[in-house]
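See structure below.
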There are 2 protein chains.
Amino acid sequence: MNPGTIRKSLESSGLRCTPQRFAVMAFLMERPGHPTAAEIFEAVNRADPRCSRATTYNNLRDLVQAGLVREVAVEGRAARFDVKGLRHHHFICDRCGCVEDMEWYDVPRPPRGSLGKRTLRQCEVIFRGLCAKCAVSGADSGVRSLRSSVEEHLHVQRRD
Amino acid sequence: MNPGTIRKSLESSGLRCTPQRFAVMAFLMERPGHPTAAEIFEAVNRADPRCSRATTYNNLRDLVQAGLVREVAVEGRAARFDVKGLRHHHFICDRCGCVEDMEWYDVPRPPRGSLGKRTLRQCEVIFRGLCAKCAVSGADSGVRSLRSSVEEHLHVQRRD
DNA sequence: ATATCACATTAGATTTAGTCTAGCCTGCTC
DNA sequence: GAGCAGGCTAGACTAAATCTAATGTGATAT
Ligand SMILES: [Mn+2]
Ligand SMILES: [Mn+2]
Ligand SMILES: [Zn+2]
Ligand SMILES: [Zn+2]
């Protein structure tokens, strides 16, 4: 990824291009696998120890606020981060918690009236299930299959 | 809510109906506002100090695994819990982080082929924006409006 | 050139949210 | 009533993230 591009995207969002902020952004761009804050800190700090933990977290916060980076919360696991390139949805694995990109498509807005006084900014879809790796290996362990076997036994329809 | 109903739903999911487990479930049913684990612990423990923190968390884990309760992760905040009654989606407030129920509707499945070897269990929609309270009070502060003003200034289209 | 100011960064302490441990209790079966 | 499994407890522990108080950096003003 061209350094000039990162520089420009930072500055056009009103953020100064400091070495630390640049490094966080560059790492996110060259590693599109939704790393956690801890992973980002470790990698950036190893490459250049001039970026402390507090700075990594501060910069992630700033990048999210500026709309350049997305934070993805995952149940029971550390948050993951994602440079906002092309629009996309997310698939989250029930077993390993990994986050994967899914092709984007338009989501129908909520039915008229159900919104009340709320202000809608975004509709996103989250797909859940087993990632390719988890679906293949030992397809019969983990949360997902525990659930399945309970339901199978009870002939119950799960409601989400 | 009828105690018998709770009892039955626990047992038909293969969970024993202990006083502590019942209390957690009962609290979730009579307080449909997506409380955090800490709130649940505090309330249940106050009503009956025989339910410790570990037990509250263990029971929440068991209830989620059994499919009776849903856990909702929220960026930068504690997870929230939700009894699975009628199907519904969620609205999460950008500013205060509250989680609100939204009328359910069918979500189009991901386009054929984009799923690969993954196993799909669920598609859920998450709406984001400002809740009624936050939309009304001081509609011009907070993350949302910082973003908006940056974009307005730059004439930039946000991509999610 | 020097002062000033806002913003950025730092190491490490602190808080928050949740998990783990080791032992005890309770109800069921033999 | 011994044995056993599941459940419960207090409190220690851990992971993730935030806060604090001090320092650094670079732009502008004098
Ligand atoms: Mn992504
Ligand atoms: Mn809900
Ligand atoms: Zn997986
Ligand atoms: Zn709100």
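In what follows, every chain begins at residue 1, and chains take the letters A, B, ... in the order their sequences are listed.
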Open item on the list: Distance check needed: C/dT26 P versus B/Arg21 CZ, whole Å only.
Closed with: 16 Å
TODO: Starting from P on C/dG18, measure out to CG on B/Leu60 and report it in whole angstrom.
DONE: 9 Å
Task: Heavy-atom closest contact (B/Tyr57 atom, B/Ala38 atom, distance) - done: OH-N, 4.1 Å
Open item on the list: Tell me every residue that passes salt bridge (charged side-chain N to carboxylate O under 4.0 Å, His left out) with B/Glu75, counting only those two or more places apart in sequence or in another chain.
Closed with: B/Arg128
TODO: Starting at atom CZ of B/Phe41, determine the distance to atom C1' of C/dT16, rounded to an integer number of angstrom.
DONE: 14 Å
Open item on the list: Applying a 4.0 Å non-hydrogen cut-off, can you work out what A/Thr55 is touching in the nucleic acid: base, sugar-phosphate, or nothing?
Closed with: base
Open item on the list: Under the salt bridge (Lys or Arg N to Asp or Glu O under 4.0 Å) test against B/Glu124, which residue among B/Lys84, B/Arg70, B/Arg87 passes?
Closed with: B/Arg70
TODO: Mind calculating the distance between CG (A/Leu63) and P (C/dA8) to the nearest angstrom?
DONE: 11 Å
Open item on the list: Quick check: closest heavy atoms across B/Pro111 and A/Glu103, and the distance to 0.1 Å?
Closed with: CG-OE2, 3.6 Å
TODO: Side-chain contact test, heavy atoms from C-beta onward, threshold under 4.5 Å: evaluate it for B/Asp82 versus B/His90 and give yes or no.
DONE: yes
Hey, what are the protein-to-nucleotides 15-19 of chain D N/O distances that come in under 3.5 Å?
unit_1, atom_1, unit_2, atom_2, d
D/dA17, OP1, A/Ala79, N, 3.4
D/dA17, OP2, A/Tyr57, OH, 3.2

Task: Rounded distance (Å) that lies between atom P of C/dT9 and atom CG of A/Leu15 - done: 10 Å
- [ ] Round to a whole Å and report the spacing from CG of A/Asp48 to P of C/dT9.
- [x] 12 Å
Task: Main-chain N/O of A/Cys98 paired with A/His34 side-chain donor or acceptor, under 3.5 Å - done: no
- [ ] Give a yes or no answer on whether the side chain of B/Arg118 reaches the backbone of B/Leu115 with a donor-acceptor pair at less than 3.5 Å.
- [x] yes
Task: Short side-chain to backbone donor-acceptor contact, A/Asn45 and A/Cys51, under 3.5 Å - done: yes
All N/O contacts under 3.5 Å from nucleotides 22-29 of chain D to the protein, with atom names and distances to one decimal?
none

Task: Distance-minimising heavy-atom pair for A/Thr36 and A/Phe81 - done: C-CD1, 4.4 Å
Task: Spacing of B/Gln20 atom CD relative to C/dC25 atom P, expressed in whole Å - done: 14 Å
Task: Integer-rounded Å distance: D/dG6 C1' and B/Leu10 CG - done: 15 Å
